[in-house]
Amino acid sequence: MSVNNKRVVYSNYLANPIYIDILKARPDVRLDRIENGSPEDFYAPILSAAHVYQIGAARDELAPHFHVDAAFLKRTPNLLLVSSNGAGFDPVDVEACTEAGVVVVNQSGGNAHSVAEHALAMMLTLSKRIIQSDRRLRRERDVNRNDLVGNEVEHKTVGIIGLGNVGRRIAALCKGLLGMKVLAYDPYLSAEVMAERGGEKVELDELLRRADFVSISCPLNKGSRNLISVREFALMQPHAYFITTARGFIHDEDALLQALRDKRIAGAGLDVWSKEPPPPEHPLLQLDNVLASPHTAGVTIEARQNMGRIAAEQVLETLDGKRPPRIINPEVWPRYAERFKQAFGVTPG
């Protein structure tokens, strides 16, 4: 077995050190690290030789010149695989990768339990008005508990937008623990598949009109960008809550702010933002009926370890000539296979 002939580079940080442990056990793999502040004379030769680029999933944590776009791909002629640390892949131009013959993979499902638990926690906290009670107690004396009457979640209706790895777990928790009715919107899944995952397939408008809680768990792409804006918030019930643990830009923050100010909806639980983390003066953070977190839904010890492990295993499977299980751009495979054979002398299966 050749030593260090397969080059892997990662930027800034990894989901978990287990990634390094797994890759370093392979003598044919060389692992290099670059950082946002690395000088060009250091990172340029590393990127030029790289076969795999392990990249952070959060766009604002990565220097722009390390985002994978057409310019970046010109500087990485040997690149075969871009692997995101998480389920998202915001810093990656997938179309540019496909044109260049580069496979893009994510770690979808690796943090599904953590994200689903976070979404459920936001639903319960908002419905029971726990965050408002906490804030009142910290700044006022003689708080009247009758001013903070909440609602039970049991038997309410949750509308889940995106019934993939996270969405189906939210459905299982809501249905199994709380006896909630689950509506779901996902244009990529049949009614039969959605029923197997615990959701009743409906169109988006119907979901928004009927749901007591609207939870976003779909990926960010051209079809979902600004999916929830002025018109959509207007369709929601005045007592309904909006929850998102997916990606910023799927909902319009200005439209959400206006809907909350006009009391068109009851409140919101926000884990994702157009700018991450949002500044303390962000208008949405000034509202007591907004529960906020800085994209931490999937940030747990268990999820980070799982994400690091499956990322490393998927990279090694790919370098060994196997087809990775979480391809974002499957249409690239014929072009990629040619490039892989040129690099390593074998055709990937």
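All heavy atoms count here, side chains included; hydrogens, waters and symmetry mates do not.
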_Side-chain donor or acceptor of S224 paired with backbone N/O of L227 under 3.5 Å_ = no

*asked:* Suppose we screen for salt bridge (charged side-chain N to carboxylate O under 4.0 Å, His left out). Which residues come up paired with K24, at least two apart in sequence or across chains?
replied: none

*Non-hydrogen side-chain atoms of L120 and L178 separated by less than 4.5 Å*: yes

*asked:* Check this for me, if you would: do K181 and E200 make a salt bridge, where the nitrogen-to-carboxylate-oxygen distance has to be below 4.0 angstrom?
replied: yes

*Report the C-alpha distance between S83 and Q107 in whole Å, list the side-chain angles of each, state the deciding distance to 0.1 Å, and finish with yes or no for side chain to side chain donor-acceptor pair (under 3.5 Å).*
CA-CA 8 Å; S83 172; Q107 318 313 320; 3.0 Å; yes

*asked:* I'd like to know whether D186 forms a salt bridge (charged side-chain N to carboxylate O under 4.0 Å, His left out) with R197, so could you lay out the CA-CA distance, the side-chain angles of the two residues, the decisive distance to 0.1 Å, and finally the verdict.
replied: CA-CA 12 Å; D186 194 319; R197 298 184 180 187; 5.8 Å; no

*By side-chain hydrogen bond (donor to acceptor under 3.5 Å, both in side chains) - contacts of K275 (at least two apart)*: none

*Residues R33, E35: salt bridge by 4.0 Å N-O rule*: yes

*asked:* Starting from V272 and following side-chain heavy-atom contacts under 4.5 Å between hydrophobic residues (I, L, V, M, F, W, Y), which residues can be reached?
replied: none

*With sequence neighbours excluded, residues passing side-chain hydrogen bond (donor to acceptor under 3.5 Å, both in side chains) with Y10*: none

_V193 backbone acceptor or donor facing S190 side chain under 3.5 Å_ = yes

*Evaluate the criterion side chain to side chain donor-acceptor pair (under 3.5 Å) for residue pair Q54 and Y19; output intermediate values, then yes/no.*
CA-CA 10 Å; Q54 186 72 43; Y19 183 95; 2.9 Å; yes

_Using the side-chain hydrogen bond (donor to acceptor under 3.5 Å, both in side chains) criterion, which residues pair with R264? Sequence neighbours excluded._
D262

_Does this structure show an ion pair linking R30 with D32, if we count only N-O contacts that are shorter than 4.0 Å?_
yes

*Taking the six-membered ring of F344 as reference, does the NZ or CZ atom of K6 fall below 6.0 Å from its centre and within a 45° cone about the axis?*
yes

_I'd like to know if the side chain of E206 pairs up with that of Y185 as donor and acceptor (distance under 3.5 Å, no hydrogens or angles considered)._
no

*List for me each residue that meets side-chain hydrogen bond (donor to acceptor under 3.5 Å, both in side chains) alongside E99, sequence neighbours excluded, and say none if there are none.*
none

*Nearest non-hydrogen partners of E276 and D60, listed with the distance*: N-OD2, 2.8 Å

*Heavy-atom distance under 4.5 Å between the side chains of F233 and I265, does that happen here?*
yes

*asked:* I want to check something: taking the side chain as every heavy atom from C-beta on, are L316 and L23 in contact at a cut-off of under 4.5 Å?
replied: yes

_Heavy-atom side-chain contact between I161 and S215 under 4.5 Å_ = no

*Report the C-alpha distance between N36 and N12 in whole Å, list the side-chain angles of each, state the deciding distance to 0.1 Å, and finish with yes or no for side chain to side chain donor-acceptor pair (under 3.5 Å).*
CA-CA 7 Å; N36 279 342; N12 292 343; 3.2 Å; yes

_Residues E95, K222: salt bridge by 4.0 Å N-O rule_ = yes

_Taking V153 as the starting point, is it possible to reach L291 by hopping between hydrophobic residues whose side chains are less than 4.5 Å apart?_
yes

*Less than 4.5 Å apart, any side-chain heavy atom of T98 and any of V102?*
no

In residues 278-288, what donor-acceptor pairs under 3.5 Å come from side-chain atoms, sequence neighbours left out?
unit_1: H282; atom_1: ND1; unit_2: L284; atom_2: N; d: 3.1
unit_1: H282; atom_1: NE2; unit_2: E253; atom_2: OE1; d: 2.9
unit_1: Q286; atom_1: NE2; unit_2: P280; atom_2: O; d: 2.8
unit_1: Q286; atom_1: NE2; unit_2: H282; atom_2: O; d: 2.9
unit_1: D288; atom_1: OD2; unit_2: R139; atom_2: NH2; d: 2.3

*Who pairs with R138 by salt bridge (charged side-chain N to carboxylate O under 4.0 Å, His left out), at least two apart in sequence or on another chain?*
D134

*Should K322 and D320 be marked as a salt bridge (charged side-chain N to carboxylate O under 4.0 Å, His left out) after you check the CA-CA gap, both sets of side-chain angles, and the distance that decides it?*
CA-CA 6 Å; K322 299 175 184 176; D320 286 341; 5.4 Å; no

Report, one line per pair, each donor and acceptor closer than 3.5 Å where one atom sits in a side chain of residues 239-252; sequence neighbours left out.
unit_1: H239; atom_1: NE2; unit_2: D212; atom_2: OD1; d: 2.6
unit_1: Y241; atom_1: OH; unit_2: L126; atom_2: O; d: 3.4
unit_1: T244; atom_1: OG1; unit_2: A246; atom_2: N; d: 3.4
unit_1: R247; atom_1: NE; unit_2: D90; atom_2: OD1; d: 3.0
unit_1: R247; atom_1: NE; unit_2: D90; atom_2: OD2; d: 3.3
unit_1: R247; atom_1: NH1; unit_2: H295; atom_2: NE2; d: 3.2
unit_1: D252; atom_1: OD1; unit_2: D254; atom_2: N; d: 2.9
unit_1: D252; atom_1: OD1; unit_2: A255; atom_2: N; d: 3.1
unit_1: D252; atom_1: OD2; unit_2: S229; atom_2: OG; d: 3.2

_Connected-component partners of V149 among ILVMFWY, side-chain separation under 4.5 Å_ = none

_Stepwise side chain to side chain donor-acceptor pair (under 3.5 Å) test for S114 and N111_ = CA-CA 5 Å; S114 294; N111 62 1; over 6 Å; no

*Between the side chain of S127 and the main-chain N/O of M123, is any donor-acceptor distance below 3.5 Å?*
no

*Gap between atom CD of E338 and atom CD of Q342 - 0.5 Å precision*: 7.0 Å

*asked:* Please check: side-chain N/O of N78 versus main-chain N/O of S48, any donor-acceptor pairing under 3.5 Å?
replied: yes

*Between the side chains of Q132 and R135, is a donor N or O closer than 3.5 angstrom to an acceptor N or O?*
no

*Spell out, as yes or no, whether a donor-acceptor pair under 3.5 Å connects the side chain of N329 to the backbone of C97.*
no

*For the side chain of E232 and the backbone of L208, is there at least one donor-acceptor N/O pair under 3.5 Å apart?*
no

Kindly list each side-chain donor-acceptor pair under 3.5 angstrom involving residues 62-70, sequence neighbours excluded, with atom names and distances?
unit_1: H67; atom_1: NE2; unit_2: R59; atom_2: O; d: 3.1
unit_1: H67; atom_1: NE2; unit_2: L62; atom_2: O; d: 3.1
unit_1: D69; atom_1: OD1; unit_2: A71; atom_2: N; d: 3.3
unit_1: D69; atom_1: OD1; unit_2: F72; atom_2: N; d: 2.9

*Validation row: L79, H51 side chains within 4.5 angstrom (heavy atoms)*: no

*Which heavy-atom pair separates S108 from A87 by the least distance, and what is that distance?*
CA-CB, 4.1 Å

_ILVMFWY network linking I18 to V315, side-chain heavy atoms under 4.5 angstrom_ = yes

*Might you confirm whether atom CD of E152 has over 12 heavy atoms from other residues, nucleotides or ligands at distances under 6.0 Å?*
no

*What residues, two or more places apart in sequence or in another chain, satisfy ring-ring contact (aromatic ring centres under 6.0 Å, His included) together with H118?*
none

*Is any side-chain heavy atom of I301 less than 4.5 Å from a side-chain heavy atom of N16?*
no

*Heavy-atom check, side chain of I328 versus side chain of N106, under 4.5 Å*: yes

*Would you check if the side chain of R326 reaches a backbone N or O of V105 as a donor-acceptor pair within less than 3.5 Å?*
no

*Measure the CG-CZ distance between L319 and R7 for me, rounded to the nearest 0.5 Å.*
12.5 Å

*For N306 and G110, which heavy atoms make the closest approach, and how far apart are they?*
ND2-O, 2.9 Å

*Output yes when a side-chain donor or acceptor of K201 lies under 3.5 Å from a complementary backbone atom of L189, and no otherwise.*
yes

